[in-house]
Amino acid sequence: MAKILIIEDETAIAELEKDYLELSGFEVTMVSEGKAGLMAALKDDYQLVILDLMLPGMDGFEICRNIREQKDIPILMVSAKKEDIDKIRGLGMGADDYMTKPFSPSELVARVKAHLARYERLVNNHTKTNETIEIRGMKIDKTSRRVYVNEEEKILTTKEFDLLSFLAEHPDHVYTKDELFREIWDMESFGDIATVTVHIKKIREKIEEDAAKPQYIETIWGKGYRFKI
Ligand code: CA
């Protein structure tokens, strides 16, 4: 059964989450302090992290960023403030889902299950296919989920990687932001198309020599984006 890490400083909430997840058969560990939570997430073999935003020691933003640099496991962020959720979404920090407190424990369990199933599909697909895409100095290795530009590795978040490899797999095809959002973020209600813009910008900063004159992902004004052949 999947191992889940809860990083949450409100014990009552953490315990409620833990109880429900354990009833569904998950193995759950709770950590109530930020730095210890990050350490646990990086060191141990968890399949999913439920991450509170406001924490002592280190906040959820920082923890999310740090986990993302090393792991592509699903991260579900929770916050008591709706405005914070909007903010993290806008930042495109690499979290997979966001929930505003209070939420129903059964909804949490449903979302955890959906993310784990999706992640498992992703991992399985990639181990089966050993696909690499190579275009003008860029190499996307879908098995190891790594991206290289002129032999130099570029570190992308899960969603940045999904978006880049989707576009690269369909070169010369113009996709609207709506289409890309539906394709990459499959739970439509938890974000909006501005997320796509933010991610494209981040990808360009990472893979392009000059992000203002992109050589890989073109903006087609009024339409969307296209991967150049
Ligand atoms: Ca908190």
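Atoms within a ligand are numbered from 1 in the order they appear, just like the ligands themselves. All residue numbers refer to positions in the sequence shown, counting from 1. Bear in mind that the values here come from a model prediction, so they are computed numbers and not experimental data.
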key: Glu10 near the Ca ion (ligand 1): N/O/S under 3.0 Å   = no
request  = Return the name of the atom in Asp9, of element N, O or S, nearest to the Ca ion (ligand 1).
outcome  = OD1
query = Should the pair Lys228-Asp172 be classified as a salt bridge under the 4.0 Å nitrogen-to-oxygen rule?
reply = no
ask   = Does Ile155 offer a backbone N or O that forms a donor-acceptor pair with the side chain of Lys206 under 3.5 Å?
value = yes
Members sharing Val174's hydrophobic cluster (side chains within less than 4.5 Å) = Ile220
request  = Check side-chain hydrogen bond (donor to acceptor under 3.5 Å, both in side chains) between Glu15 and all other residues, then give those that pass, not counting sequence neighbours.
outcome  = none
ask   = What N/O/S atom of Asp52 gets nearest to the Ca ion (ligand 1)?
value = OD2
